[in-house]
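Here the structure comes first, spelled out in structure tokens, and everything after it is commentary.
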Amino acid sequence: MVGADSGGDELKVTMASARPTVVLVPLCVPSHLPSMFESGKRLLSSGGGHAMSLTVFFMQMTMAPNLMSGVADLIRREAGSGLDIHFRYLPAVELPADSHGGEDFIMRFIQLHAPHVKAALSSLAAPVAAVVVDYFGTTLLDVTHELSLPAYVYVPTSARMLSLILRLPALDEEVPGALEDINGGAVAVLPGTPPVPVGILPTPLLKKDPNYAWFVYHGKRFLEAAGIIVETVAELEPATLAAITENLRATAGAGRLAPTVYTIGPPPSVKVKVTGDRGEQTHECLAWLDAQPSASVVLLCFGSMGGSFPEPQLHEMADGLERSGHRFLWVLRGPPPSGSPFPTDANLDELLPEGFLERTEGRGLVWPTWAPQKDIIAHSAVGGFVTHCGWNSVLEGLWHGVPLVPWPLFAEQHLNAFELVSVMGVAVAMEVDRKRGNFVVAAELERALRGLMGDDSEEGLRAREKAAEAKALCRNAVEEGGSSYASLQKLARDMSKHCGCEAAA
Ligand SMILES: COc1cc(-c2[o+]c3cc(O)cc([O-])c3cc2O[C@@H]2O[C@H](CO)[C@H](O)[C@H](O)[C@H]2O)cc(OC)c1O
Ligand SMILES: O=c1ccn([C@@H]2O[C@H](COP(=O)(O)OP(=O)(O)O)[C@@H](O)[C@H]2O)c(=O)[nH]1
């Protein structure tokens with residue numbers, strides 16, 4: 001029972017569903033939409049007969065047509081899922097013209113959709129069990145309050161990042177200047193969690209500008225939600241999660257219900273290591289991996305917005321890879337067109353140092369466009385992952401027990417990198433010079449790769465062991481009786497209580 005209206009300004013119900021519905025309002029970008037959508041699907045099937053449907057509202061990213069074709073693909077793909085899912089494109093808004101950088105733009109873009117979200121919610125035939133908004137979209141909570149609907153905030157990143165956002169409103173009052181100038185160089189986050197060195201603060205938290213103000217704003221508004229859904233695994237971040245629950249209770253104060261925290265990660269990934277014959281449709285990257293020995297290849301991939309580097313950095317990378325002697329699959333992208341955060345396809349002949357492809361032929365593949373990362377990570381030939389530390393990439397790596405080398409670029413990635421090395425121990429550290437545009441010199445990349453992939457490195461050995469442990473934690477969490485499984489069940493129960501349909505369970 002899947003339908004979608006065709007976009008445009010008019011909202012139509014494509015197929016009325018009598019079942020109470022959970023409405024998702026995702027941000028249509030590769031690191032937010034797929035994980036929220038997959039979680040919504042898991043919510044339906046984990047409800048054990050809670051008899052709810054799913055309705056997804058799409059904010060049209062008119063500035064990024066590729067993303068919208070990804071949405072259209074998703075709708076087509078789901079047509080055969082057999083789940084009770086409904087899709088709606090919200091009317092396109094006029095893009096914010098005077099924004100102050102990426103986050104300010106995206107938060108305002110979402111905010112402009114409030115009247116459309118309200119109209120769409122009001123016109124639904126099915127009773128609304130809950131509305132789930134992206135964590136960049138807490139402005140939409142005004143609408144859920146006006147309509148007296150229970151709201152949940154979806155956080156597709158680490159509990160550690162969440163803890164920092166929750167702490168931010170108080171921190172903002174305590175610290176008059178920029179957080180990066182804090183005396184002693186460390187930010188005290190929540191009691192019971194280690195302080196965060198200012199050098200690894202997420203980009204928008206460094207300076208008190210409009211982007212920073214948005215995160216303070218979100219930190220306050222999270223408290224108004226019935227629940228906060230975090231795409232992490234409780235056992236990966238236990239101390240942080242305990243501190244978050246305690247902080248929410250204390251901040252909500254007497255007589256007010258604190259939002260419940262649901263840890264439901266990781267979103268489903270390819271379930272088994274794959275090798276060998278997959279028929280004629282095998283992707284070139286996977287076919288190449290089929291010919292490599294087990295756990296011998298290091299993957300380098302930098303998310304949906306990364307992968308393109310200035311020439312001096314590219315030369316250091318090529319040099320480091322060549323000198324390491326290890327096999328590699330490098331997803332290299334071209335510079336984004338002006339005004340877009342997304343990279344283009346790379347022209348390898350122009351970008352790579354002369355002779356590099358010839359010298360590394362057979363042991364290296366440079367892939368110039370979007371790569372099927374989840375399938376690549378699942379391949380048994382992959383033994384290590386140099387990642388920008390976007391949270392989805394982190395979870396995809398850990399799901400398969402692949403040890404990491406962090407190469408953070410922006411957003412909360414430096415914070416994630418720190419957690420991976422210093423707290424979880426699943427990664428081999430590499431020196432990334434944040435003040436020089438996250439520059440890594442060839443010798444450092446070579447050292448980190450040898451550590452990660454070599455047999456005689458203590459650091460690599462530890463990272464491999466810890467990554468294998470993390471894999472077990474992730475898989476146990478989603479099994480029946482595991483923490484994420486139980487959390488998802490509780491979420492389904494709590495949502496169905498709002499609309500009085502729990503009796504169907
Ligand atoms: C998590 O904190 C931050 C996230 C972002 C950010 O901004 C952004 C802007 C866009 O126009 C398109 C995007 O796709 C996008 C994505 C994005 O964050 C990514 O999200 C993931 C989960 O939130 C993930 O963990 C990645 O690390 C991010 O790349 C920006 C930001 O400051 C610059 C943040 O602090
Ligand atoms: O070439 C690519 C680049 C990225 N991804 C996927 O895009 C998502 C990126 O999300 P992440 O949070 O890691 O980083 P972001 O893109 O937000 O920086 C992940 O699911 C990756 O598997 C992919 O499939 N192929």
Side-chain angles (χ1 to χ4, degrees), residues 197 199-200 292-293 295-303 306-333 335 346 348 350-368 381-390 393-394 397 402-410 413-422 424-467:
I200 61 161
Q292 311 304 321
S296 69
V297 176
V298 60
L299 167 69
L300 298 96
C301 189
F302 299 89
S308 156
F309 295 89
E311 191 181 317
Q313 179 63 87
L314 269 179
H315 283 245
E316 295 290 323
M317 281 173 99
D319 200 14
L321 281 170
E322 210 175 326
R323 280 159 38 174
S324 78
H326 285 289
R327 294 170 196 270
F328 61 86
L329 197 171
W330 178 10
V331 183
L332 172 61
R333 307 297 303 274
L348 299 186
E350 263 178 27
L351 290 174
L352 289 168
E354 214 176 314
F356 174 80
L357 288 174
E358 292 74 22
R359 290 193 298 277
T360 55
E361 198 178 351
R363 77 170 174 90
L365 176 67
V366 186
W367 187 252
V382 173
F385 181 17
V386 178
T387 170
H388 73 308
C389 299
S393 295
V394 167
V402 175
L404 310 168
V405 165
W407 188 334
L409 302 173
F410 73 101
Q413 296 154 13
H414 287 271
L415 179 74
N416 294 344
F418 180 78
E419 295 288 302
L420 294 169
V421 173
S422 307
M424 298 182 199
V426 295
V428 170
M430 182 169 75
E431 207 178 306
V432 177
D433 190 346
R434 196 175 184 185
K435 293 209 165 77
R436 261 183 86 198
N438 303 306
F439 202 80
V440 175
V441 295
E444 183 57 10
L445 178 60
E446 176 191 356
R447 186 200 58 75
L449 291 182
R450 287 184 188 274
L452 182 74
M453 306 298 285
D455 289 335
D456 52 353
S457 145
E458 286 253 330
E459 244 186 321
L461 206 62
R462 175 166 176 266
R464 280 195 287 277
E465 274 170 19
K466 289 284 180 187

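Being a predicted model, the structure only gives us computed values, none of them experimental.
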Looking at every heavy atom in both [X] and [Y], which two are closest together, and how far apart are they?
X	Y	result
Lys466	Met424	CD-O, 3.6 Å
Asn416	Gly390	ND2-C, 4.5 Å
Arg464	Leu452	NH1-O, 2.5 Å
Met317	Leu445	O-CD2, 3.6 Å
Ala429	Ala448	O-CB, 4.2 Å
His315	Leu351	NE2-O, 4.2 Å

Measure the shortest side-chain to side-chain distance between [X] and [Y] over non-hydrogen atoms and say whether it is less than 4.5 angstrom.
X	Y	result
Leu332	Leu314	yes
Arg323	Arg447	no
Trp367	Cys301	no
Pro403	Val428	no
Pro408	Phe418	no
Glu316	Val440	no
Asp319	Phe356	no
Arg436	Gln313	no

Find the distance between [atom1] ([X]) and [atom2] ([Y]) and round it off to the nearest 0.5 Å.
X	Y	atom1	atom2	value
Met453	Ser296	CE	OG	6.5 Å
Ser324	Arg450	OG	CZ	6.5 Å
Met430	Glu446	CE	CD	12.5 Å

Check: Val366 and side chain to side chain contact (heavy atoms under 4.5 Å, CB included): which partner among Val331, Leu321, Leu352, Thr360?
Finding: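 So the option named by the test is Leu352.
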Check: In this structure, which one of Leu404, Leu420, Leu409 forms a side chain to side chain contact (heavy atoms under 4.5 Å, CB included) with Cys389?
Finding: Leu420
Margin query: Which label fits Trp407 and Phe302: parallel for a plane angle under 30°, tilted from 30 to 60°, or perpendicular past 60°?
Written below: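 Taking Phe302 first and then Trp407, their aromatic rings stand perpendicular (interplane angle over 60°).
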Kindly say whether [Y] contributes a backbone atom to a donor-acceptor pair with the side chain of [X] at under 3.5 angstrom?
X	Y	value
Ser457	Gly454	no
Glu444	Glu431	yes
Arg363	Phe328	no

Notebook entry, point to check: Between Glu458 and Arg462, is the closest basic N to carboxylate O distance under 4.0 Å?
Noted result: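 Not counted as a salt bridge, because no side-chain N and carboxylate O are separated by less than 4.0 Å.
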